[in-house]
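Input: a single structure, listed below in structure tokens.
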Amino acid sequence: MAKQTGIIKLKGTIGDISFYKSADGHLARSKGGVDKNRIANDPAFQRTRENGSEFGRAGKGGKVIRNAIRVLLQNAKDKRVVSRLTKILVAVTKTDAVNERGLRTIEDGDMNTLLGFEFNINGKLGATLFTPYATAYDRAAGNVDLDIAAFAPTVRIAAPNGTTHFKVVMGAAELDFVNEASVFESTETAILPYNGADTAPIDLTVALTANSVLPVLQVVGIEFYQEVNGQMYPLKNGSFNALSVARVDTV
């Protein structure tokens with residue numbers, strides 16, 4: 001792989017060289033590799049097919065999660081969240097001790113591997129919120145809770161420069177990886193002033209399906225704002241907003 005330089009950037013294929021744009025800039029690489037029919041049928045590539053199958057399953061699982069939490073994710077994500085999420089879901093798949101290699105699934109793996117996953121590497125919740133919080137999930141009732149004791153924002157939140165206000169968000173999703181579907185609910189605080197005065201205790205609750213048999217993922221985040229002439233604007237287009245996996249619950 002090589003990086004394109006100069007004023008004119010190419011896209012497409014010339015001879016055996018492919019030119020394309022990625023998150024790393026304008027790149028070029030040579031064409032090649034093993035014929036896809038051989039990979040699909042040659043016994044020598046059995047392991048390749050197994051890995052490909054599980055990678056594809058992880059990719060689809062990542063899409064299920066992203067689609068489920070889209071309402072919150074659109075305000076707190078980085079350019080590499082798709083590849084980063086797929087990578088960790090591949091790791092989850094590899095912990096599946098039930099199914100054969102090549103048939104391993106996310107839901108049969110250790111989904112707790114996802115705990116602490118940051119959807120925005122530029123605004124990590126773990127490096128932003130420094131006050132304890134508690135999460136809870138009552139599978140029988142379907143209730144998902146977030147509780148935060150009163151705290152002083154300027155002491156407990158490492159906000160980016162220019163912040164005048166913030167809000168805490170929380171969401172939870174039932175994830176049906178087999179059918180590539182989900183159920184999602186979210187809630188949030190009011191937009192609160194970023195100052196040294198203690199907030200009121202924060203208690204957020206959403207209700208999912210009672211007695212669900214699906215894996216449930218809870219996310220917690222913070223969104224930052226700047227007040228200008230009485231109007232609230234997402235600070236720097238939300239580039240430093242945080243969203244993290246705070247709880248995973250499986251049957």
Closer than 3.5 angstrom, by distance alone: can the side chain of [X] be matched with the main-chain N or O of [Y] as a donor-acceptor pair?
X	Y	answer
D176	S182	no
S53	G102	yes
E118	L125	yes
R139	D249	yes
D78	I121	yes
N120	N241	yes
R104	G109	no
R247	T135	yes
S212	T209	no
N143	D138	no

* Asked: Can you find a pair of side-chain heavy atoms, one from L85 and one from F117, that are under 4.5 Å apart?
  ->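 Yes. Closest side-chain heavy atoms under 4.5 Å.
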* **Side chain to side chain, K63 and E180, heavy atoms closer than 4.5 Å** =>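 No; the side chains remain at least 4.5 Å from each other.
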How long is the span from the [atom1] atom in [X] to the [atom2] atom in [Y], to the nearest 0.5 Å?
X	Y	atom1	atom2	answer
Q218	S244	CD	OG	10.5 Å
K77	R70	NZ	CZ	6.5 Å
L89	I65	CG	CD1	4.5 Å
L115	N112	CG	CG	5.0 Å
N75	N237	CG	CG	10.5 Å

* Listed once per pair and sorted, the salt bridge (charged side-chain N to carboxylate O under 4.0 Å, His left out) pairs that draw on residues 145-170, sequence neighbours left out ->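 Qualifying pairs: K167-E188, K167-E223.
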* Asked: Between F151 and F166, how do the two ring planes meet: parallel, tilted or perpendicular, split at 30° and 60°?
  ->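 Tilted: the ring planes of F151 and F166 meet at 30° to 60°.
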Are [X] and [Y] grouped together when hydrophobic residues (ILVMFWY) are joined by side-chain heavy atoms under 4.5 angstrom apart?
X	Y	answer
Y133	F224	yes
I222	M170	yes
L243	V144	no
I202	V220	yes
F177	F184	yes

* To do: Show your working on side chain to side chain contact (heavy atoms under 4.5 Å, CB included) between I157 and T131 and close with a plain yes or no.
  => CA-CA 8 Å; I157 297 176; T131 191; over 6 Å; no
* To do: For E54 and T93, test the side chains for any donor-to-acceptor distance below 3.5 angstrom and give the result as yes or no.
  => no
* **Residue pair P153 / Y194: nearest heavy atoms and the distance that separates them** => O-CE1, 3.4 Å
